[in-house]
Amino acid sequence: MSDQPIYVTQPSLAPLEEFTELLKQVWESGILTHNGPMVQRLEKELCTWLGLSNCAVVTNGTIAIQMAIKALELKGEIITTPFTWVATLSAIKWEGCTPVFCDIEADTFNMDPSKIEAAITEKTVAIMPVHVFGNPCDVEAIEAIAQKHGLKVIYDAAHAIGSTYKGKSILDFGNVSATSLHATKLFNTAEGGACMTTDDELARKLERIRFFGHNDAKEIVEDGFNGKLTEVHAALGLANLKYGGEVLADRKRKYQMYLDGLSACEGLTFQNLKLGEPNYSYFPVVFESEEQLLRAEKALNAQKIFPRRYFYPSVNTLNEIVDYASMPVSEDLSQRILCLPLYWKLNTSEVQEIVSILMNSY
Ligand code: T4K
């Protein structure tokens with residue numbers, strides 16, 4: 001085993017020379033941003049790879065969520081999950097909307113559709129579920145509730161590039177799906193995000209919003225801002241995209257190795273991947289108690305292995321930024337869940353080492 005520290009993830013990176021080949025083209029063109037050739041190519045190739053209708057790449061995943069809220073002109077309450085990264089919450093608040101929490105399912109970690117209607121008020125305008133760790137939400141149940149109550153649906157799909165539902169990219173669901181292309185995600189542009197929608201008109205509006213509300217004639221026709229991705233980031237994305245399929249297959253293989261190694265461990269449970277085909281982007285394990293988790297984390301840290309407590313704490317408890325509402329399932333899970341290292345360059349022997357340390361540590 002190398003003596004290098006092992007973190008929860010590492011960016012999936014193409015060989016540097018393949019990136020620099022693309023950078024040379026950027027230098028030759030002198031176009032560094034403003035929806036240049038690399039951005040347009042990346043959007044087209046992402047649509048081809050994932051089978052998407054429309055894809056607008058943007059500065060980051062948080063901005064992608066904000067742009068979705070802005071494009072749908074939402075003002076009011078947005079129902080979302082407490083088991084997520086703080087960005088989901090921040091984006092809702094930064095767009096002047098009010099987050100209302102709906103608790104999760106203990107097995108899928110996703111928003112519990114059977115609890116959504118109880119959270120609807122006369123001020124509710126939308127539902128914002130998260131495909132947690134790339135595990136598809138119950139999109140049919142959520143869409144049916146949205147239809148019934150005339151609500152919009154924005155999926156925070158930050159983790160879900162490569163996940164599918166009934167053969168279709170999970171990113172083609174909802175009025176808009178917003179994803180992250182951050183360094184820690186399965187596919188990255190270092191920092192980046194994207195908005196996907198099957199609604200062509202809305203897609204054009206999102207493209208105008210990310211560029212100060214400009215239309216193609218450079219007239220300001222929308223309430224926009226600056227949400228652009230640069231040519232340098234897009235070039236990195238294009239270099240990495242060549243390995244997208246390989247990274248996905250590798251994730252699935254290592255995910256299965258962890259499951260094979262840990263499924264006999266008493267008291268350890270795993271995410272229920274019952275709907276669709278996930279992208280295996282994270283490997284969470286759930287302990288029976290926080291004490292067990294802390295013992296395991298300590299044993300791994302002692303071997304320079306640094307898993308992460310995603311998502312801890314449950315965001316409904318972040319009372320510096322949101323009023324507390326009790327979310328018992330999310331709060332309980334948040335105390336007992338640990339994401340183990342999982343990334344492209346992680347060796348098989350390192351997975352086996354992590355399994356053996358974990359088995360004897362809690
Ligand atoms: N919605 C959801 C559900 C999300 O999970 C996120 C982001 C968003 C929305 C917002 O998307 P963005 O606006 O960020 O595009 C990381 C990421 O910063 C964040 O993008 C991600 N979720 C969150 C789950 O994780 P940290 O604070 O855990 O990252 P950090 O720096 O501790 O990195 C984790 C490990 O990755 C490190 O131990 C080492 C490795 N690493 C990290 C970076 C940044 C590298 O090897 N290279 C790197 O460049 O937040």
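Nothing fancy with the numbering, it's 1 onward along the sequence. Counting starts at 1 for both ligands and their atoms, following the listed order. Small disclaimer: the values here were computed from a predicted structure and weren't measured.
Near N60, meaning under 4.0 Å from any of its heavy atoms, are these atoms of ligand 1: 13 (O), 15 (O). Set against the non-hydrogen atoms of A87, the atoms of ligand 1 under 4.0 Å away are 8 (C), 9 (C), 10 (C). Residue contact check: T88 has heavy atoms under 4.0 Å from atoms 1 (N) of ligand 1.
Side-chain contact between N54 and M196 is absent, with no heavy-atom pair separated by less than 4.5 Å. F211 is not listed as a side-chain neighbour of N226, based on a closest heavy-atom distance of 4.5 Å or more. The side-chain heavy atoms of N240 and N188, taken from C-beta on, include a pair separated by under 4.5 Å.
Considering only non-hydrogen protein atoms, atom 36 (O) of ligand 1 sits nearest to T9 CG2, 3.3 Å. Of all protein heavy atoms, the one closest to atom 9 (C) of ligand 1 is D156 OD2, 3.5 Å. What sits closest to atom 48 (C) of ligand 1 on the protein, heavy atoms only, is A183 CB, 4.1 Å. Looking at atom 15 (O) of ligand 1, its nearest protein heavy atom turns out to be S180 OG, 2.7 Å. Looking from atom 45 (C) of ligand 1 to the surrounding protein, the closest heavy atom is P11 CD, 3.6 Å. For atom 35 (C) of ligand 1, the closest heavy atom belonging to the protein is V8 CG1, 3.8 Å. Considering only non-hydrogen protein atoms, atom 5 (O) of ligand 1 sits nearest to H159 NE2, 2.7 Å. Of the protein's non-hydrogen atoms, the one nearest atom 16 (C) of ligand 1 is T184 OG1, 4.0 Å.
Electrostatic pairing of E201 and R204 does not count as a salt bridge here, judged by no charged N lying under 4.0 Å from a carboxylate O. Between R210 and E43 there is a salt bridge, with a side-chain nitrogen of the basic residue lying less than 4.0 Å from a carboxylate oxygen of the acidic one. A salt bridge is absent between E219 and R208; no separation between the charged side-chain nitrogens and carboxylate oxygens falls under 4.0 Å. Between K274 and D107, at least one side-chain nitrogen of the basic residue sits less than 4.0 Å from a carboxylate oxygen of the acidic one, meeting the salt-bridge criterion.
Ligand 1 has no N or O atom lying under 3.5 Å from any N or O atom of Y7, backbone or side chain. Considering backbone and side-chain N/O of G61, one or more are found under 3.5 Å from N/O of ligand 1. The shortest N or O to N or O distance between Y282 and ligand 1 is not below 3.5 Å. Polar contact with ligand 1: present for R308 (N/O pair, distance under 3.5 Å).
Nearest residue to atom 4 (C) of ligand 1 from F133, Y310, W85 is W85 (criterion: closest heavy atom). Between E191, K185, H182, it is K185 that holds the heavy atom closest to atom 7 (C) of ligand 1.
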Kindly indicate, with the supporting measurements, whether the criterion side chain to side chain donor-acceptor pair (under 3.5 Å) is fulfilled by K185 and H159. CA-CA 7 Å; K185 299 298 184 292; H159 303 169; 4.8 Å; no
Would you please test S334 and E331 for side chain to side chain donor-acceptor pair (under 3.5 Å) and show each step? CA-CA 5 Å; S334 177; E331 291 174 45; over 6 Å; no
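Contact annotation: A178 has no heavy atom less than 4.0 Å from any atom of ligand 1.
If you chain together ILVMFWY residues whose side-chain heavy atoms come under 4.5 Å of each other, V322 ends up grouped with V8, F83, W85, V86, L89, F101, I104, F109, V130, V132, F133, Y282, V286, Y310, F311, V315, L318, I321, M327, V329, L333, I337.
Judged by distance alone, with hydrogens and angles left aside, the side-chain atoms of E222 form no donor-acceptor pair with the main-chain N or O of H214 at under 3.5 Å.
Put simply, atom 11 (O) of ligand 1 has protein non-hydrogen atoms near it, under 4.0 Å away.
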